[in-house]
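Hydrogens, waters and symmetry mates are skipped; everything else that's a heavy atom, side chains included, is used.
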Amino acid sequence: MTSTVPNAVQHTDAQPPITMFGPDFPYAYDDFLAHPAGIGQIPATEHGAEVAVIGGGLSGIVAAYELMKMGLRPVVYEADRIGGRLRTVGFEGCDPALTAEMGAMRFPPSSTALQHYIDLVGLETKPFPNPLSPATPSTVVDLKGESHYARTIDDLPPVYREVMDAWNSCLEEGADFSDMNRAMRERDVPRIREIWAKLVEKLDDQTFYGFLCASDSFSSFRHREIFGQVGFGTGGWDTDFPNSILEILRVVYTEADDHHRGIVGGSQQLPLRLWEREPQKLVHWPLGTSLSSLHDGQPRGAVTRLDRTAGNRVTVTDATGDIRTYRAAVFTGQSWLLLSKVACDDALFPIDHWTAMERTHYMESSKLFVPVDRPFWLDKDATTGRDTMSMTLTDRMTRGTYLLDDGPGRPAVICLSYTWCDDSLKWLPLSPKERMDVMLKSLGEIYPGVDIRKHVIGNPVTVSWENEPYFMGAFKANLPGHYRYQRRLFTHFMQDRLPADKRGLFLAGDDISWTAGWAEGAVQTALNAVWGVMAQFGGATDPTNPGPGDVFDEIAPVELPEG
């Protein structure tokens, strides 16, 4: 029997690029988006029908944009600002071009569906200065009061190479890394599914730390400690140690932890440009139509209540008291909002989906940025010839410090601290100024001859995502035993499996995706929801370009027994 899974992109390179499309659901979203037939259509009798899209983050804006192109009328609700965790802010009193990324700031090339939209709206990307990356002039690793200056890993003491080798061996021995990486590059869906099915069954109850401890390669506590504090790619991994190892494997298989790029001018431009974009190919609406024009420039406000009403409709009440009823709605906010900020009718979802939402685990995260007069860190120390300051990984309070510039002599930005989980919670009670003072003290112990404060030209900006009322955390991260919960949420768009009175409300967004913490997951789940809404209205994809729901039975995520 011939497969209906879209054909793999034909790559000419000896090593084709990988895409963040699996391993749980190895569907080629990039091929789907690039296909000249488009991603689907609805009957003409349904043109102009309203669909509620709750949440104006990337997932909500992508869903609304594609629904508009099909001829539906998305009605976007947003409690805060368009962008969600793509949040780019400026510094009061400074050049508007000087910005800080409070949420997503680095994107792997394997985010191929995300890249489709980055290209669509004409944004540029540039290499992000991760530790020891080619885009980073130098890195300082400071552990237990001892600092090491490096341009590559070969400049660090041998123990760091040992840790890297241990991690590579651990992945090979415990997770068939080379085999899976090859299968994903070749988009060999049967092989991906074969490898992953065994690993899900074997490792669903295992923590990341337990996985390391089970490997002979990581028999040394010292190696595990260094790996947790420093790691590779984005930095230390220890805040992820309690999470499911399956979450980590999804990241490393898809190379989501490497080769990162930042969006020039800020990531929030992506949803904002999609909001204003006037598609050249759209159905029903006249040329010149945009999401902005359909909303008179502004989305509707916060949703305060959701009800299941007669005819299996979804009724939405917003903060102004306005009540509207829809045949279909897409909810893209973090699922905990449905348990707290939004009054919900229990009939909206099956009980096992409510359980999955309640069990969703979120990672905390905080950042603090300061504007500085210039990239002074590139000044050379007269004695050592080294950079005055470097991208810094440490076990001190700051954990990760990133240096971001736009050329010599121009104002620049320092991310003084980027932390997760317990390290983030340590900052929560402190004001921005108090945070900055503690951070400068920590960095002063690493760079005793450098007066960072004298270069600061504006007040700091900070965020603790766990304290943001419409987020309550940075991103989803499954704990051991959560695979079944995640499967329920991700597959919710396949509503022919649900009772008729549980259909019409579709979930999307980061915490519904398998790729936690990456914008790619927001895009993929938005496209799943669009397919679901299209089916709800009697639409279909072109036979030459089957959508995620059309091929679902062939590539559905592994189903573990519930008994």
Count the heavy atoms belonging to other residues, nucleotides or ligands that lie under 6.0 Å from CD of E124, then report whether that count exceeds 12.
no
Given the rule in the side-chain contact (heavy atoms from CB on, under 4.5 Å) test, do L199 and Y253 qualify, once you have shown the distances and angles that lead to the verdict?
CA-CA 13 Å; L199 291 173; Y253 283 150; 3.0 Å; yes
Over all heavy atoms of both residues, which pair between [X] and [Y] is shortest? Give the atoms and the distance, please.
| X | Y | answer |
| --- | --- | --- |
| P137 | D387 | CB-OD2, 3.6 Å |
| A150 | T152 | CB-O, 3.5 Å |
| V251 | W518 | CG2-NE1, 3.9 Å |
| Y117 | L527 | OH-CD2, 3.6 Å |
| F218 | V163 | CZ-O, 3.9 Å |
| D30 | A113 | CB-N, 4.5 Å |

Do [X] and [Y] have a side chain donor and acceptor closer than 3.5 Å?
| X | Y | answer |
| --- | --- | --- |
| S442 | R396 | no |
| E101 | S267 | yes |
| S178 | E172 | yes |
| D119 | Q115 | yes |
| S365 | S424 | no |

To the closest 0.5 Å, what do you measure between CZ (R87) and CD1 (I82)?
13.5 Å
How long is the straight-line distance from NZ of K144 back to CD1 of I226, given to the nearest 0.5 Å?
7.5 Å
Summary of salt bridge (charged side-chain N to carboxylate O under 4.0 Å, His left out) pairs that have at least one residue in residues 196-213, sequence neighbours excluded
D204-R484
Please work out which of the three classes, parallel, tilted or perpendicular, describes the rings of [Y] and [X], given edges at 30° and 60°.
| X | Y | value |
| --- | --- | --- |
| Y402 | F128 | tilted |
| W514 | F490 | tilted |
| Y29 | Y27 | perpendicular |

Are D406 and K126 side-chain neighbours, meaning at least one heavy-atom pair lies under 4.5 Å?
yes
Test applied, side chain to side chain donor-acceptor pair (under 3.5 Å); reference residue, E247; option that passes from H482, Q486, K476:
K476
Just checking W465 against Y418, ring centres under 6.0 Å apart?
no
Ring pair (Phe, Tyr, Trp, His ring centres under 6.0 Å) with F227: which of Y160, F211, W167?
W167
So, using salt bridge (Lys or Arg N to Asp or Glu O under 4.0 Å) as the criterion, who are the partners of R191 when residues are at least two apart?
D179, E194
Can you sort out the partners of D510 under salt bridge (Lys or Arg N to Asp or Glu O under 4.0 Å), two or more places apart, ordered by chain and number?
R85
Please determine whether side-chain contact (heavy atoms from CB on, under 4.5 Å) holds for the pair M184 and T254, giving the CA-CA distance in whole Å, both sets of side-chain angles, and the decisive distance to 0.1 Å.
CA-CA 8 Å; M184 294 191 72; T254 59; 3.5 Å; yes
Take R106 and S133, measure what side chain to side chain donor-acceptor pair (under 3.5 Å) needs, and give me the verdict at the end.
CA-CA 13 Å; R106 47 191 175 186; S133 80; over 6 Å; no
Determine whether L274 and L120 satisfy the following criterion, side-chain contact (heavy atoms from CB on, under 4.5 Å), listing intermediate values before the conclusion.
CA-CA 9 Å; L274 281 175; L120 184 69; 4.2 Å; yes
Do D155 and R151 meet the salt-bridge criterion of a basic N to acidic O distance under 4.0 Å?
no
Check D95 with R410, please: is the shortest side-chain N to carboxylate O separation under 4.0 Å?
no
Run through N528, L114, L270 and flag the one making a side chain to side chain contact (heavy atoms under 4.5 Å, CB included) with V523.
L114
Pair Y149-S390, side-chain contact (heavy atoms from CB on, under 4.5 Å): steps then yes or no:
CA-CA 8 Å; Y149 178 91; S390 306; 3.5 Å; yes
Check against side chain to side chain donor-acceptor pair (under 3.5 Å), D511 and T360
CA-CA 8 Å; D511 55 341; T360 298; 5.1 Å; no
Report the C-alpha distance between R185 and E255 in whole Å, list the side-chain angles of each, state the deciding distance to 0.1 Å, and finish with yes or no for salt bridge (Lys or Arg N to Asp or Glu O under 4.0 Å).
CA-CA 11 Å; R185 287 189 180 282; E255 298 180 2; 2.6 Å; yes
